[in-house]
Amino acid sequence: MFALIDGNNFYVSCERVFRPSLNGLPVIVLSNNDGCAIARSNEAKALGIKMGAPWFQIRHMEESHGLIALSANFALYGDISDRVASLTAGFGPRQEIYSIDESFIDLTGVRGDHVARGRRMRDRILDWVGIPCGIGIGQTKTLAKLANHVAKTAERKPGSYPAKLSQVCDFSTLSPDELLDVFAHTNVEEVWGIGRRIAVQLNTGGVFTVADLVKLDAATVRRGWSVVLERTVRELQGVSCVDIEDIPPDKKEIASTRSFGQVVTSKADLTEAVTDFAARASEKLRKQRGLAGQVHVFIRTSPFRKDDPQYSRSITIPLRRPSCDTIKIAGAAVLGLDAIYKPEFRYAKAGVMLLDLQPDSIVQDELDLDDEPKDAGRLMTAMDVLNRRYGKGTVIVGSSGTAGAKRAWSMKQERRTPAYTTCWEDMPRVRA
DNA sequence: TCTGGGGTCCTAGGACCC
DNA sequence: TCTGGGGTCCTAGGACCC
């Protein structure tokens, strides 16, 4: 038995913790560069605002509907996420932190009334951290996910499902007929693993609801689609195919990519950006004690600006030996940029990806043919420590641009709230 | 003017091997 | 007329997730 606990409209709920005046109002959180909506309060959803809606297209609703938009404040969301996860960990013996706002919990061996425990857990998270959650419980992870969807939908749209399933929904409390009824009222695209493309294909084949899908024969699904969908169908049928990953595996690739706040054309600006991305990616790499064998760089124009000539190129640069050294990785990234840069285009986005990752414990030694400094690793450690203690950007690589100068490529965030819980200066003050 | 970022897994097809 | 069989590895692209 598995549970899935996740925060409702998570980013918006995080913002509301420190600004309760936002309760009851249509609020959205915007992506980087204030580009598009990535989280919506129930009130914003009710206004018809879609996930991913470009801000410039819905901005008029500020005036007309009192819509409130905030820039993404990931420092805040990450910290609140940790607090929620530390509470949900108590719900069962094993926990998989699946995303910034979701945990799977293995309920094997947990006795008693799961629904009652779920409601207590929900109350505690709301009291202690301030985040409203939904909890779904089922025999497989896919069923727990679906139950979670039902729990949240039943709360948000009364009447859509039986009221007893609101907020905390345990499929195992339903009779087979009741469960089938829930399935019949749920479209296939709500199922974990079924996206837009496959939903269309299923619909074409006459499969519209989860009730239709669960009736299919697994082997047929495999022949017609893939092992991935077959697994999903089996999980819906109650056969657990995906276990909890309570120990997060090391990343197989690490990326740092960004759209620019404004169009960039000069190689100097791109060099700064690419160096900065390489530094961010390298830092993540060192955190997982890894080394990269290859560095991938890409630059591209905006596909949305139809009138602009389009250009998109990437290149992969092998490192002579696997490394996590920011200076070497940034060097390779800039080398790659030199190879693909063309001056005549208006660039909108660039990125650096580290590939071919391996743990730093299994380095192949080799003859030391070049006289590189033996203590490069200590330099990186010192950099990481300084940046952790005195704040990001305290020590940077020179080619990423001087911190004081305005970087042409830096991202736009005009509506960001303070880092209430992670920055001393931003801590809220309470007056007596 | 203005459209996010960071991942994973699977499959098909080509290169290559004996 | 008629040109093997079996396998691995790698890559690009598609689909999905939040």
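The figures here come from the full heavy-atom set of this structure, side chains too, leaving out hydrogens, waters and symmetry mates. No experiment lies behind these values; they were computed from the predicted model shown. Below, chain A is the first sequence line, B the second, and so on; all start at residue 1.
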Across the strands shown, which category fits A:Ser256 at heavy-atom distances under 4.0 angstrom: base, sugar-phosphate, nothing?
sugar-phosphate
Say we look at B:dT3 and C:dC17: how far apart would their P atoms be, to the nearest angstrom?
25 Å
Between A:Asn32 and A:Phe56, whichever has its closest DNA chain B nucleotide further toward 5' is A:Phe56
Closest non-hydrogen contact found for A:Ser323 with A:Leu285 is O-CD2, 3.6 Å
Under 4.0 angstrom, heavy atoms only, what part of the nucleic acid is A:Phe10 near: base, sugar-phosphate, or nothing?
nothing
A:Asp123 and A:Arg119 ion-paired at < 4.0 Å
no
What I'd like to find out is whether the side chain of A:Val188 reaches to under 4.5 Å of the side chain of A:Phe208, using heavy atoms alone.
no
Whole-angstrom distance between C:dC18 and B:dC2, as gauged at atom C1':
24 Å
Could you check whether any side-chain heavy atom of A:Leu236 comes within less than 4.5 Å of a side-chain heavy atom of A:Leu213, counting everything from C-beta outward?
yes
For DNA chain B, whose closest nucleotide is more 5', that of A:Arg258 or that of A:Arg231?
A:Arg258
In terms of relative ring orientation, are A:Phe298 and A:His296 parallel, tilted or perpendicular, with 30° and 60° separating the classes?
tilted
For residues A:Leu319 and A:Asp356, determine if any side-chain heavy atom of one lies less than 4.5 Å from a side-chain heavy atom of the other.
no
Just call it for A:Arg305: base, sugar-phosphate, or nothing, with non-hydrogen atoms closer than 4.0 Å on any strand.
sugar-phosphate
Regarding A:Arg122 and A:Glu155, does a basic nitrogen lie under 4.0 Å from an acidic carboxylate oxygen?
yes
What contact category does A:Glu102 fall into here, base, sugar-phosphate, or nothing, at under 4.0 angstrom with non-hydrogen atoms?
sugar-phosphate
Side-chain donor-acceptor pair present, A:Glu102, A:Ser99, cut-off under 3.5 Å:
yes
Carboxylate-amine/guanidinium proximity below 4.0 Å for A:Asp384 and A:Arg388:
no
Tell me what A:Lys412 touches on the nucleic acid: a base, only sugar-phosphate, or nothing, going by heavy atoms under 4.0 Å.
nothing
Would you call A:Glu230 and A:Arg234 a salt bridge, using N to O less than 4.0 angstrom?
yes
Just the endpoints, please: which first and last nucleotides of DNA chain B, 5' to 3', lie under 4.0 Å from a heavy atom of chain A?
B:dC2 to B:dT11
Restricting to pairs with a member in residues 289-311 of chain A, which pass salt bridge (Lys or Arg N to Asp or Glu O under 4.0 Å), not counting sequence neighbours?
A:Arg289-A:Asp360, A:Arg305-A:Asp308, A:Asp308-A:Arg346
Reckon A:Asp101 touches a base, only the sugar-phosphate, or nothing at all at heavy-atom distances under 4.0 Å?
sugar-phosphate
Sub-4.0 Å heavy-atom contacts from residues 182-204 of chain A onto DNA chain C, ordered by number
A:Val191, A:Trp192, A:Gly193, A:Ile194, A:Gly195, A:Arg196, A:Arg197, A:Ile198
Are A:Tyr420 and A:Phe18 an aromatic pair, judged by ring center distance below 6.0 Å?
yes
Residue pairs involving residues 26-46 of chain A (criterion salt bridge (Lys or Arg N to Asp or Glu O under 4.0 Å); sequence neighbours excluded)
A:Arg16-A:Glu43
So, with a heavy-atom separation below 4.0 Å from DNA chain B, the residues of residues 35-55 of chain A are A:Gly35, A:Pro54
Represent DNA chain C in dot-bracket notation, 5' to 3'. Only Watson-Crick or G-U wobble pairs with both distances under 3.5 Å count; pseudoknot-style crossings use [ ] and interstrand partners use |.
....||||||||||||||
Classify the nucleic acid contact of A:Ile254 as base, sugar-phosphate or nothing, counting any heavy atom under 4.0 Å across all strands shown.
sugar-phosphate
Over 12 non-hydrogen atoms of neighbours within 6.0 angstrom of CD in A:Gln139:
no
